[in-house]
Amino acid sequence: MLDIKQIRENPEEIEARLNTRNGEFSLKDVLALDEKRRDIIGDVEQMKAKQNAVSKEIPKLKKKGKDCAPVFAEMKELSAEIKEKDDELKATDEALRNALLYIPNLPNNDICLGESDADNREVRRWGEPRQFDFDIKAHWDLGTDLDILDFERAAKVTGARFSAFKGAGARLERALINFMLLMHTNEHGYTEISPPFIVNRASMTGTGQLPKFEEDAFHLEKEDFFLTPTAEVPLTNFHRGEIIDYDDLPVKYTAYTPCFREEAGSAGRDTRGLIRNHQFDKVEMVKFAAPDKSYDELESLTNDAEAILQALEIPYRVVELCTGDIGFSAAKTYDVEVWMPSYGRYVEISSCSNCEDYQARRANIRTRDPETNKTMFVHTLNGSGLAVGRTLAAVLENYQNADGSITIPQKLRHMMGGMEEIR
RNA sequence: GGAGAGAUGUCUGAGCUGGUUGAAGGAGCACGCCUGGAAAGCGUGUGUGCGCGAAAGCGUACCAAGGGUUCGAAUCCCUUUCUCUCCGCCA
């Protein structure tokens, strides 16, 4: 959520910056609601001031033994008027908040301008894509042929865009999860959390999935709960409504969770394999940072994601997303893209974002400025570290052999019970 | 699922027979005194949001959330959420 005071002060500039995003944004409604709201507040607070003043006098009148009936009659009328105004204020408040909830974060001023992923800026590359001297297979064929992935039965059990891991495939997935968590906790200083996989509406609103993107989420109607689309939601909302000790910053959490997405609007895209499913596993990293440190934290967060691919020795590149491609809540985002031989290009495997105070304002997550002792919003960051299904796909494809077997990356072998290859 | 108890500020903890209670006491924090330095001790200060204002400040709201009763609600009533205890069921 953007700061209404900032919007009020220079709406043109904010509107211009918002419109470097994909889509058109107007602050007209917000400004009108804000003005209406302040008008009502002026009136109703004056009435309340009078009500309070008279209320204070009543005990004194009673003590003197005076008749309060005329005062009561007058106050009853005032009370009714206040109630009416208050209702109007509440409705306006709600309308304003709702309008604000639909406005995305302001892109950071320094990120590259652009309309789509075609305009993203490559920041760096690591590793050389391997040259194969045989016809390569895509991971869904490799997995099916080795009987470690089973898409048909997953479709039978549930439906399209679900997958099942079997035997060494299931073990490889578990090894990857464990490997990532160990690295983030032991080497990168994150605290592991095992959060609920189901979250409530307030949490989804706090991180920005709701209200605008409700159709993307799996909804449990009876309880009004949602299957978590990313551990960013439970992790960031861990501190919703709290004031975090400044000395504890940055707070760094990592979690493994399954993630559930409706993938509404992506029909026909990445229909095969592990790239785009309704359910997938992900290890997530979330940070709460002091405002003046958050961009340094974004760099290290991205490095923490990269470290996984470096350890697995799989080539990747890092791109800075342009204004037209960054997500709703993000001010700046780096995508880590892994080399996927069957696609013949780099494919997103992690998205690392600084949301600045956008989520913190929605979710009311604050700290105390040590200088002034005043409360201020923290900055929140999140990044995948990494998407497990896509990592598994990248391992299969990059480590495939001419005979269709898979060599297991060195660093994963001890977590696979010493297994060196899958055949 | 049944019966009961509870939810107060950064934390802890009073108030809950309705009216100078934004809310006692304590802790913490900040500043000052004391000290060679620190601790202890003493003194002072210390909530948040919103509105108006250049500012000082003034006003207003907030005692889990929402509604109600009342001239007036942290205090009374209802609903919801959460926590705890007991019973039942259960991995």
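This is a predicted model, so every value here is computed, not measured. Naming convention: chains lettered A, B, ... in sequence-line order (proteins, then strands); numbering from 1 in each chain.
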Using the 3.5 Å cut-off, write out each protein N or O paired with an N or O of nucleotides 19-23 of chain B and the distance between them.
| from | atom 1 | to | atom 2 | distance (Å) |
| --- | --- | --- | --- | --- |
| G19(B) | O6 | Lys62(A) | NZ | 2.4 |

Is there any protein nitrogen or oxygen under 3.5 Å from a nitrogen or oxygen in nucleotides 43-47 of chain B, and what are the pairs?
none

Check nucleotides 63-70 of chain B against the protein and report each pair of N or O atoms closer than 3.5 Å, with its distance, or say if there are none.
| from | atom 1 | to | atom 2 | distance (Å) |
| --- | --- | --- | --- | --- |
| G67(B) | OP1 | Lys90(A) | NZ | 2.8 |
| G68(B) | OP1 | Lys83(A) | NZ | 3.1 |

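Near RNA chain B, meaning a heavy atom under 4.0 Å away, the residues from residues 232-252 of chain A are Ile243(A).
Relative orientation of the His278(A) and Phe162(A) rings is tilted, given thresholds of 30° and 60° on the angle between their planes.
No engagement by Arg201(A) is indicated, since no non-hydrogen atom pair under 4.0 Å with the nucleic acid exists. Across all strands, Lys5(A) comes closer than 4.0 Å only to sugar-phosphate atoms, never to a base (heavy-atom distances).
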statement: Secondary structure of RNA chain B per the Watson-Crick/G-U criterion (both distances under 3.5 Å; [ ] crossing, | other strand, . unpaired) is ((((((((.[[[..)...(.....]]]((((((.......))))))((((((....)))))).[[[[[..)....]]]]])))))))....
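Partners of Glu173(A) by salt bridge (charged side-chain N to carboxylate O under 4.0 Å, His left out), not counting sequence neighbours: none found. Shown here are the salt bridge (charged side-chain N to carboxylate O under 4.0 Å, His left out) partners of Lys293(A), two or more places apart in sequence or in another chain: there are none. Residues passing the salt bridge (charged side-chain N to carboxylate O under 4.0 Å, His left out) test with Arg174(A), sequence neighbours excluded: none. For Glu262(A), the salt bridge (charged side-chain N to carboxylate O under 4.0 Å, His left out) criterion is met by no residue, not counting sequence neighbours.
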Return a table of donor-acceptor pairs under 3.5 angstrom between the side chains of residues 51-70 of chain A and protein atoms on other chains or two or more places apart.
| from | atom 1 | to | atom 2 | distance (Å) |
| --- | --- | --- | --- | --- |
| Asn52(A) | ND2 | Lys48(A) | O | 3.4 |
| Ser55(A) | OG | Gln51(A) | O | 3.2 |
| Asp67(A) | OD1 | Ala69(A) | N | 3.1 |

Donor-acceptor pairs under 3.5 Å, side chain of residues 189-201 of chain A to any protein atom, not counting sequence neighbours: which ones?
| from | atom 1 | to | atom 2 | distance (Å) |
| --- | --- | --- | --- | --- |
| Tyr190(A) | OH | Asp304(A) | OD2 | 2.6 |
| Asn200(A) | OD1 | Ala202(A) | N | 3.4 |
| Asn200(A) | OD1 | Ser203(A) | N | 3.0 |
| Asn200(A) | OD1 | Ser203(A) | OG | 3.1 |
| Arg201(A) | NE | Asp224(A) | OD1 | 3.3 |
| Arg201(A) | NE | Asp224(A) | OD2 | 2.8 |
| Arg201(A) | NH1 | Glu214(A) | OE1 | 3.4 |
| Arg201(A) | NH2 | Glu214(A) | OE2 | 3.2 |
| Arg201(A) | NH2 | Asp224(A) | OD1 | 2.9 |

Pair up each side-chain donor or acceptor in residues 366-377 of chain A with any protein partner under 3.5 Å, not counting sequence neighbours, and list the distances.
| from | atom 1 | to | atom 2 | distance (Å) |
| --- | --- | --- | --- | --- |
| Thr367(A) | OG1 | Ile244(A) | O | 2.6 |
| Thr367(A) | OG1 | Tyr246(A) | N | 3.3 |
| Arg368(A) | NH1 | Asn373(A) | O | 3.2 |
| Asp369(A) | OD1 | Glu371(A) | N | 2.8 |
| Thr372(A) | OG1 | Lys374(A) | N | 3.1 |

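Salt bridge present: Asp34(A) and Arg38(A) bring a charged side-chain N and a carboxylate O closer than 4.0 Å. Contact check on Arg161(A) versus Glu263(A) returns no salt bridge, with no Lys/Arg side-chain nitrogen under 4.0 Å from an Asp/Glu carboxylate oxygen.
Put simply, Asn52(A) has no side-chain N or O that comes within less than 4.0 Å of OP1 or OP2 on G72(B).
Among the nucleotides A61(B), G72(B), G51(B), the one closest to any side-chain atom of Gln51(A) is G72(B).
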